[in-house]
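Structure first, then comments.
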Amino acid sequence: MFSVLTDKINQCAERIKLGEIGELDKLFALTYGRLKFYAESYLADKGDADDVVNETYIAFCENLEHLDTSSNVLNWMIKVVKNKALNRNRRSVRHVGMDPEAMDALAATDPMSEREDAMAIRGALARLSKDEQELFRLYFVEEKTVRSIAAVLGLKKSAVSERINKLREKLKNLLF
């Protein structure tokens, strides 16, 4: 079910949990690039990314005892990065003197939530097969009719309709 990388990270976390402190270097090597990417994508000031990632490793060590290493440890770390980055953004807004009402208004139109949605959609699309990506492009992006897609792909209209329904269901499962 998990990817090879996820399994490596989970195993590494389990060994750290068992006291093999030397595995921290391996965990760092496996996760740093991804965590920094996510931190930069959520932060208003990209220069804070290293601090957020370091705080995430500290949170990992502080919560190691309670961390379920049979689940996806990388996803847990990414969530910590996200929360720490968003909190840092909120703090930096407070430091420039924005009042709480203005912050609430900003949160309602926060481009970060749009960026999160875009990242989730990109991730879901990346998990589709090439044929599914092509169908997505034709139907949802180019807004072609089922009939024209059937002609392009050399399929019956009923087959295209069935594939579109399966694609919708798959995307729903990937996104929600």
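Numbering of residues begins at 1 and proceeds along the displayed sequence.
- More than 12 heavy-atom neighbours from other residues, nucleotides or ligands sit within 6.0 angstrom of NZ on K170.
- Here the side chains of L24 and C61 are in contact, with some heavy-atom distance below 4.5 Å.
- Under the 4.5 Å side-chain criterion, counting only non-hydrogen atoms from C-beta, E132 is not in contact with L135.
- Contact check for W76 versus N63: side-chain heavy atoms found under the 4.5 Å cut-off.
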Would you please test E134 and K130 for salt bridge (Lys or Arg N to Asp or Glu O under 4.0 Å) and show each step?
CA-CA 6 Å; E134 175 70 3; K130 294 291 181 196; over 6 Å; no
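- Applying the salt bridge (Lys or Arg N to Asp or Glu O under 4.0 Å) rule to pairs touching residues 21-30 yields R15-E23, sequence neighbours excluded.
- A single hydrophobic cluster is seen to contain both F28 and V73, as judged by linkage of ILVMFWY side chains at heavy-atom distances under 4.5 Å, directly or through other members.
- Side-chain contact between F60 and V80 is absent, with no heavy atoms from C-beta onward closer than 4.5 Å.
- Proximity of L128 to L167: side-chain heavy atoms (C-beta onward) are separated by under 4.5 Å at one or more points.
- Residue R163 holds its CZ atom at 4.5 Å from CG of L155, rounded to the nearest 0.5 Å.
- Annotation: salt bridge (Lys or Arg N to Asp or Glu O under 4.0 Å) contacts involving residues 62-75, sequence neighbours excluded, are absent.
- I9 CD1 to L30 CG: the interatomic distance, rounded to the nearest 0.5 Å, is 5.5 Å.
- When side chains are defined from C-beta on, V53 does not count as touching F37, because their heavy atoms never get closer than 4.5 Å.
- Summarising the geometry, atom CG belonging to D7 is positioned 11.5 Å from atom CG belonging to L74; distances are rounded to the nearest 0.5 Å.
- Between N75 and N72, the shortest heavy-atom contact is N-OD1, 3.0 Å.
- With a 4.5 Å cut-off on side-chain heavy atoms, T31 and Y57 count as touching.
- The shortest distance between side-chain heavy atoms of L5 and R34 falls below 4.5 Å.
- Sequence neighbours left out, the pairs with a member in residues 143-161 that pass salt bridge (Lys or Arg N to Asp or Glu O under 4.0 Å) are E142-K144.
- Surrounding CZ of R137 are more than 12 heavy atoms belonging to other residues, nucleotides or ligands, all under 6.0 Å away.
- Side-chain atoms of S161 never come within 3.5 Å of backbone atoms of S158 as a donor-acceptor pair (strictly under, hydrogens ignored).
- The nearest pair of heavy atoms linking V52 to A39 is CG1-CB, 4.1 Å.
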